[in-house]
Amino acid sequence: MRLARHIVSDVEHLRHVVKEISRHDHFAWDIETIGEYATTPIRNDVAWIAFSAPGVDAVIPMRHPIGNKIIGERKEPRTDKNGKVRNFRVPVWDEPPPQLRPSIVFEETYELFESDREKVAQNLTFDAISIAKHRGGSLPKPPFHDTLVSSWLLDENRLNGLKPRVREEFGSDYDQGKTGKHIATTLFNDVARYNLLDTRFTRWLRNRNLKGLEDQRLFPVFRLEMDVLEVLLSMGMEGAPLDVPALHSLKDHLEKLIEQQEADVYRSAGKAFNLNAPRQVAEVLYSPKAKGGQGIKPTKLTAGGKKKKQAGERVTFLDYTTDADALEKAAGNPVVDALLAFKESSKLLSTYVYGYLGDATAKDRPCQIHSGKIHTNFKQYGTVTGRFSSSEPNLQNIPRPGTDLGKRIRGLFIAPPGYKLIVADYSQIELRILAHFAGPGALHQGFLDGIDPHTITAAGILNLPHDQVTGEQRTDYGKRINFLIGYGGGEHLLAEVAKIPLTEAQNIIGQHEASFPEIYAYKKKLLSVARSRNPPHIRTLTGRIRRVPDVISPTKWIRQKAERQIINSHIQGSAADIIKIAMVRTHSLLPEGAKLILTVHDELVTLVPDTLIEEARVAIHEGMLGEGIKNLISVPLESDTKVVDRWSEAK
DNA sequence: CTGTCCTGCGCT
DNA sequence: AAAGCGCAGGACAG
Ligand SMILES: Cc1cn([C@H]2C[C@H](O)[C@@H](COP(=O)(O)OP(=O)(O)OP(=O)(O)O)O2)c(=O)[nH]c1=O
Ligand SMILES: [Mg+2]
Ligand SMILES: [Mg+2]
């Protein structure tokens with residue numbers, strides 16, 4: 001490859017390239033980003049952009065900081081993590097060649113991204129949101145092909161990053177040096193080559209994946225996913241508004257609280273130790289009183305401890321778990337009680353408060369708040385079942401409002417003045433899907449009759465009348481137990497979770513089998529279908545595939561685990577299908593000004609101007625439950641919808 | 001210094 | 001040995 005002629009550094013060349021690309025009905029693009037916020041699409045600086053179409057490969061540098069050779073060395077004082085100032089030797093490079101200004105590049109390429117050509121990228125949301133900044137906030141227009149998503153649909157179990165995919169499909173290993181991780185300090189021509197190859201291989205991969213989608217009859221799901229991608233773009237641009245002053249007060253509150261709780265533990269234990277270090281905690285709790293410990297009898301091994309035992313090694317009390325469950329069994333011991341209190345607040349402070357505010361002294365802990373909003377990364381390819389995952393930060397594990405601290409954290413997510421949050425969550429979603437798949441029987445009939453199985457289960461276990469089951473009891477003794485049993489949980493775990501004797505747990509599982517034979521028949525059939533295919537797999541409601549080769553493993557425990565995964569994936573994956581369809585429908589039905597901002601597996605959070613509440617409510621209802629979605633399953637779909645100022649108020 | 005594993009825990 | 005996630009801190013390897 002003659003690299004130089006693909007590098008675009010003047011406007012005439014750029015215009016020529018745009019014209020060449022325009023002759024095709026699709027093109028791939030890829031960007032390289034730099035700066036403190038290189039991996040934050042709403043904030044990063046786009047330093048390079050490259051395009052690829054059949055017969056066209058062009059790479060356009062815009063703000064690469066360095067040239068092609070090292071010309072010296074410089075000492076730079078930096079503070080290390082212990083706060084000490086040290087001198088680091090850093091290379092000095094020559095100046096980069098002349099580069100086009102981003103404003104010109106995005107002006108000249110503007111129409112390409114507006115056109116009806118298919119726009120191809122690997123992890124398209126990142127590249128699209130990153131360039132929207134330079135396009136006056138305008139996102140590229142569909143149609144799209146995200147090769148990360150198509151690769152994932154074709155095989156959810158493998159690494160679907162560009163490098164491993166290219167290695168697999170084309171046998172090329174073009175970046176052993178991990179250029180992508182440090183663009184700003186990589187030589188100009190090396191970045192150019194890297195950016196060009198990424199883009200070209202993305203286009204090639206698109207062509208490969210199109211064939212695969214066809215072969216595996218995955219086009220309908222792929223089209224759904226590309227519609228979902230548009231919604232994710234909008235959500236990524238919008239972000240979730242945060243009550244920043246309240247976050248700072250909460251920080252002060254938690255820091256004071258934790259200081260006290262820490263002191264409480266040390267006082268009761270008679271010594272100081274690292275409360276975040278499980279082995280140190282185990283030492284204090286489980287070593288005999290004579291040796292200065294608490295002499296508590298350890299109950300359950302850690303995963304590592306179990307392995308040791310299997311391997312025939314000796315286990316000590318350092319191999320026993322110090323998790324909250326184990327500690328609760330020793331409740332009453334002052335060290336344990338103080339430790340439990342500490343664990344709750346320290347988890348919340350480090351994950352949700354420091355996590356959002358970041359640490360100015362550590363560049364791997366950036367502040368996650370931008371103009372009062374948090375923009376999570378919803379990964380469309382983030383699970384093997386079809387659900388999204390959420391990261392940087394994860395907004396799908398915000399504490400429930402059941403405790404004071406949980407309420408204060410969930411309450412940080414707000415509607416600004418003049419707006420409301422509409423929070424809509426499907427009712428018993430996966431149980432309804434199970435009823436659909438299992439067909440006629442008690443569960444199916446129950447849903448037709450309007451029952452709430454979570455409340456019924458909780459009432460049964462707690463021996464309470466239905467109308468006396470609290471929301472928390474419904475979750476802890478209803479939901480958890482229904483899904484535990486439904487997804488193949490054993491009697492010991494059931495006894496543990498439900499806090500009932502083993503015999504009662506055995507009874508409950510036996511009764512379940514007797515009351516819902518159709519569920520067990522469905523599972524059996526599903527597994528035999530899965531096993532009959534090569535490789536073993538199932539398809540969800542929309543035809544999404546989950547491949548579980550382990551279901552034919554000769555090893556019993558591996559095979560049985562795979563069986564549970566198949567059953568769970570069929571149902572969880574179908575629930576994911578439903579929420580994805582609902583997102584696409586809702587997005588297009590919402591009035592201008594109302595925006596979907598979050599999704600939590602079976603929940604949609606929408607930010608709505610006060611004036612549009614009723615319109616938006618109707619749109620969300622229609623999106624989640626209307627014709628065309630409710631027909632997907634044979635039991636009614638229901639949702640629970642709340643209009644609130646703070647997320648914590650929806651419960 | 002960076003990267004990886006383990007333990008533990010937040011959520012659906 | 002219900003399923004599916006991501007993140008923090010400690011411990012350790014390089
Ligand atoms: C809480 C929980 C949920 N899930 C799955 C199944 C649920 O249907 C799905 C959504 O979770 P939830 O919305 O918490 O539960 P739900 O929809 O069954 O009940 P509700 O009427 O209160 O909304 O996530 C589990 O697999 N295990 C669990 O412990
Ligand atoms: Mg629900
Ligand atoms: Mg939910």
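Every chain is numbered from 1, with letters handed out A, B, ... down the list of sequences.
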Asks: Is there a side-chain contact between A/K343 and the phosphate of B/dC9, meaning an N or O under 4.0 Å from OP1 or OP2?
Replies: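 Yes, because at least one side-chain N or O of A/K343 sits under 4.0 Å from OP1 or OP2 of B/dC9.
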Asks: A/Y352 OH to B/dC11 C1': how many Å, rounded?
Replies: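 Atom OH in A/Y352 sits about 7 Å away from atom C1' in B/dC11.
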Asks: For A/H601 and A/F388, I'd like to know if the aromatic rings sit close, meaning centre-to-centre distance below 6.0 Å.
Replies: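 Aromatic pair excluded; centres sit 6.0 Å or further apart.
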Asks: Please check this pair: side chain of A/E156 against backbone of A/R547, looking for a donor-acceptor N/O pair closer than 3.5 Å.
Replies: yes
Asks: In whole angstrom, give the distance that lies between atom NE2 of A/H182 and atom C1' of B/dT2.
Replies: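 Between C1' of B/dT2 and NE2 of A/H182: 11 Å.
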Asks: Check every strand shown and say whether A/L484 touches a base, only sugar-phosphate, or nothing at a heavy-atom separation below 4.0 Å.
Replies: base
Asks: Are the aromatic rings of A/F447 and A/H436 close, with centres under 6.0 Å apart?
Replies: no
Asks: From B/dC9, B/dT12, B/dG8, pick the nucleotide closest to the side chain of A/V600?
Replies: B/dT12
Asks: Please name the residue in the list A/R564, A/Q572, A/E430 that meets the side-chain hydrogen bond (donor to acceptor under 3.5 Å, both in side chains) test with A/Y487.
Replies: A/E430
Asks: Counting only N and O atoms by type, is there a donor-acceptor contact under 3.5 Å from the side chain of A/S391 to the main-chain atoms of A/N394?
Replies: no
Asks: Considering only heavy atoms, which members of residues 486-506 of chain A lie under 4.0 Å from some atom of DNA chain B?
Replies: none
Asks: Does A/K525 count as lying over the ring of A/Y522, i.e. NZ or CZ under 6.0 Å from the six-ring centre, within 45 degrees of the axis?
Replies: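 Relative to the ring axis of A/Y522, which defines the angle, A/K525 lies outside at least one limit.
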Asks: Take atom NZ of A/K523 and atom P of C/dA2, then tell me their distance rounded to the nearest Å.
Replies: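 Roughly 12 Å, once rounded to whole Å.
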Asks: Can you check each nucleotide of nucleotides 4-14 of chain C against protein heavy atoms at under 4.0 Å and return B for base, S for sugar-phosphate only, - for none, in 5' to 3' order?
Replies: BSBSSSSS---
Asks: Taking atom P of B/dC9 as reference, at what distance in whole Å does atom CG of A/L349 sit?
Replies: 16 Å
Asks: Whole-Å distance between B/dT12 P and A/L604 CG?
Replies: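 About 14 Å, once rounded to whole Å.
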Asks: For A/W647 and A/F413, take the angle between the two ring planes, folded into 0 to 90°, and tell me which bin it lands in: parallel under 30, tilted 30 to 60, perpendicular over 60.
Replies: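 A/W647 vs A/F413 ring planes: perpendicular.
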Asks: Indicate, with a heavy-atom threshold strictly under 4.0 Å, whether A/A575 touches base, sugar-phosphate, or nothing.
Replies: nothing
Asks: Atom NZ of A/K307 and atom C1' of B/dT7: how far apart are they, to the nearest Å?
Replies: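 Interatomic distance, NZ of A/K307 to C1' of B/dT7: 13 Å.
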Asks: Just how far, in rounded Å, is P of B/dT12 from NE2 of A/H454?
Replies: 11 Å
Asks: Roughly how many Å is it from CG in A/L405 to C1' in B/dC9, rounded to a whole number?
Replies: 15 Å
Asks: Quick one: is B/dC6 close enough that its OP1 or OP2 comes under 4.0 Å of any side-chain N or O from A/T302?
Replies: no
Asks: Which pairs count as ring-ring contact (aromatic ring centres under 6.0 Å, His included) when at least one residue sits in residues 335-367 of chain A, sequence neighbours excluded?
Replies: none
Asks: Between the side chains of A/T540 and A/D577, is a donor N or O closer than 3.5 angstrom to an acceptor N or O?
Replies: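 Yes, A/D577 and A/T540 have a side-chain donor paired with an acceptor closer than 3.5 Å.
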